[in-house]
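These notes are about the structure you will find just below.
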Amino acid sequence: MTVLNILITYHMAFLQGLRVTMELCLVIWTTGIILGITLGVVGANAPHSWGRFTRAMSFAFSAIPTLVVLFWLHYPAQAVFNVVIDPFYTASLTLSLVNIFGVGEMVRQAVRDFPRQYIIAGRVCGLSSRDLVTHIQLPILFRQLIPGLMVQQVGMLHATLFASLISVEEIFRVSQRINSTIYRPVEIYTALAFFFLAVCLPINLAAAYLKRRYTRDFSER
Amino acid sequence: MLEVRNLNFSYTDKPLLKNINLKLTPDGITALIGPSGCGKTTLLRCMALLDMPQSGEIQVDDQVFRYPWAENVIFTPPWPKLTTVFQQLFLWPHLTLRENILLPVRRRHIADTNGELDALIDAFDMGSFIDNYPNEASLGQRQRVALARAVMLKPRYLLLDEITSALDVEQIAKILTYLKSLRGQNIGIFIITHLLGFARHASDQVIFMVNGEIEESGGPDILKTPKTERLFNFLSVIAAAS
């Protein structure tokens with residue numbers, strides 16, 4: 001059986017796994033970007049309260065392996081609170097938290113380190129606070145953050161594979177189940193690799209386009 | 001009228017500005033000279049209402065800023081009626097040089113930007129690089145753009161911090177000729193400069209500062225016949241160096 005044959009034969013199962021992976025990504029990316037940016041901005045403007053919280057949580061989530069958090073939320077936490085939560089939601093929550101605090105810390109640092117002189121130059125030129133945010137701060141921050149944010153989101157896509165370990169029927173788990181049926185690991189994992197390439201390629205192309213279009217070397221001669 | 005009265009400023013215990021009193025010549029050029037580190041830029045930043053002095057007053061037309069500033073009083077500086085060109089320029093890196101000039105002008109809805117910008121592009125020889133980004137331009141080119149950005153805002157008071165430091169002799173002459181041409185347009189110019197020739201020939205008032213204090217001030221003739229020994233020595237050192 002070739003890779004193509006496997007993809008054709010099990011296309012329904014792959015599509016189902018793909019749908020679950022994409023649903024996971026949708027939740028993780030949306031919450032991560034919206035809440036992460038909000039948290040980062042708030043954290044930069046309130047460094048002693050939200051800023052510390054963001055920093056601490058970001059450190060915790062980067063220090064503790066995602067898999068440990070995922071397993072902890074899936075097994076002990078649910079046992080302690082005597083609840084049973086659908087693994088999809090547990091995975092969504094875990095990975096969203098990782099993404100929110102990852103994006104939040106990235107944004108907090110970028111806002112905190114934003115060169116004050118550009119704001120001062122805008123003020124003496126009579127720009128309003130709104131103009132300063134929309135025409136100076138946001139465009140410069142956007143350009144600074146694009147590459148890091150894109151890398152983070154691709155990393156979160158890869159992290160969805162962990163969800164297979166708590167029985168979420170995402171693409172990796174589907175591939176493992178097909179492999180256990182036909183035992184063609186080379187072809188199946190090659191097909192999986194092509195899948196990730198196909199999904200990551202547009203993201204990477206978009207990142208490259210945005211980087212080319214909006215980010216430049218700002219350093220002056 | 002832009003007037004500074006009894007201004008004192010320090011970052012730490014060591015005072016950087018001591019009892020400064022000066023009045024900007026309206027519709028004229030005031031040159032501030034002095035050795036490096038004497039507090040010229042600090043004074044300019046205070047006059048631009050960017051730093052908060054510990055005591056004193058700054059009056060910009062009918063607005064009086066009294067220090068120490070009361071915490072419950074809203075601070076509303078009259079920017080860009082009072083505007084500044086910094087020594088470090090601070091051009092926005094994501095915009096082309098043309099956009100750097102036009103953004104504040106457009107946001108302030110100042111009319112006739114195109115004709116005036118074209119005239120400035122000609123006056124400052126900016127045609128060959130005006131659509132480049134700041135990091136694609138030399139320091140001298142950026143200095144001209146920063147000045148153009150400020151001038152386009154039609155300020156009443158223009159504070160300039162060594163804006164000719166990276167220009168060649170020809171460009172310096174053009175910029176200084178342009179500044180002189182602003183006389184009669186109701187703009188009070190305050191310029192920190194090391195160009196004694198400019199201070200001598202173009203300014204209406206010269207202020208000499210040492211160690212955070214105004215040592216001597218008056219018309220440009222003080223550069224020919226200084227009254228204080230400090231200014232005499234300063235001029236002698238510069239004359240010897242040049």
Side-chain angles (χ1 to χ4, degrees), chain A residues 33 37 40-41 44-48 106-150 206-221, chain B residues 44-45 47-51 75-96 99-110 129 132-143 145-146 148-155 157-161 166:
Chain A
I33 288 172
I37 289 174
V41 172
N45 289 305
H48 297 296
M106 209 184 291
V107 172
R108 190 190 66 81
Q109 282 184 19
V111 173
R112 186 200 60 187
D113 297 338
F114 187 83
R116 290 275 308 148
Q117 64 264 32
Y118 298 139
I119 302 291
I120 291 171
R123 287 201 192 289
V124 297
C125 285
L127 292 183
S128 65
S129 297
R130 187 179 168 180
D131 286 339
L132 286 171
V133 171
T134 54
H135 293 279
I136 308 296
Q137 268 185 301
L138 280 182
I140 293 177
L141 285 172
F142 177 65
R143 284 159 169 80
Q144 283 177 347
L145 286 169
I146 285 172
L149 276 180
M150 289 292 193
Y209 169 76
L210 289 171
K211 202 174 169 184
R212 206 172 45 248
R213 174 81 177 76
Y214 292 111
T215 68
R216 298 182 306 101
D217 175 15
F218 283 165
S219 53
E220 294 181 348
R221 286 193 232 160
Chain B
L44 181 135
R45 285 183 61 87
M47 289 171 69
L49 305 171
L50 292 169
D51 284 339
F75 191 69
T76 50
W79 300 319
K81 181 171 89 173
L82 165 69
T83 196
T84 308
V85 179
F86 302 97
Q87 196 174 4
Q88 297 88 344
L89 306 173
F90 304 153
L91 296 175
W92 301 304
H94 62 299
L95 301 177
T96 64
E99 290 165 342
N100 260 277
I101 297 171
L102 288 177
L103 172 68
V105 172
R106 285 185 177 147
R107 300 310 299 169
R108 302 285 306 175
H109 307 293
I110 295 170
F129 59 84
N132 289 353
Y133 284 92
N135 69 330
E136 297 165 347
S138 69
L139 180 57
Q141 290 170 337
R142 294 201 303 274
Q143 282 185 331
V145 170
R149 180 170 72 178
V151 169
M152 285 286 287
L153 291 164
K154 302 185 190 304
Y157 303 102
L158 183 55
L159 313 180
L160 309 171
D161 190 356

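Residue numbering restarts at 1 for every chain, and letters A, B, ... go by the order of the sequence lines.
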Pairs of heavy atoms under 4.5 Å with chain B: top-ranked of A/Ala121, A/Pro115, A/Ser128, A/Cys125: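 Sorted descending by pairs with chain B, the first entry is A/Cys125.
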
For chain B, the option from A/Ile120, A/Val124, A/Leu127 that forms the most heavy-atom pairs under 4.5 Å: A/Val124

Contacts of B/Arg108 that satisfy side-chain contact (heavy atoms from CB on, under 4.5 Å) - sequence neighbours left out: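 Counting only residues at least two positions away or on another chain, B/Arg108 forms a side-chain contact (heavy atoms from CB on, under 4.5 Å) with B/Pro80, B/Ile110, B/Leu153.
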
Check: B/His94 side chain, A/His135 main-chain N or O, donor-acceptor pair, under 3.5 Å: yes

Expected output: side-chain B/Asn100 to main-chain B/Leu95 donor-acceptor under 3.5 Å: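 At least one qualifying donor-acceptor pair exists.
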
For B/Arg149, all residues meeting salt bridge (Lys or Arg N to Asp or Glu O under 4.0 Å), sequence neighbours excluded: none

Chain A contact via B/Leu159 - which portion, at a heavy-atom distance below 4.5 Å: neither

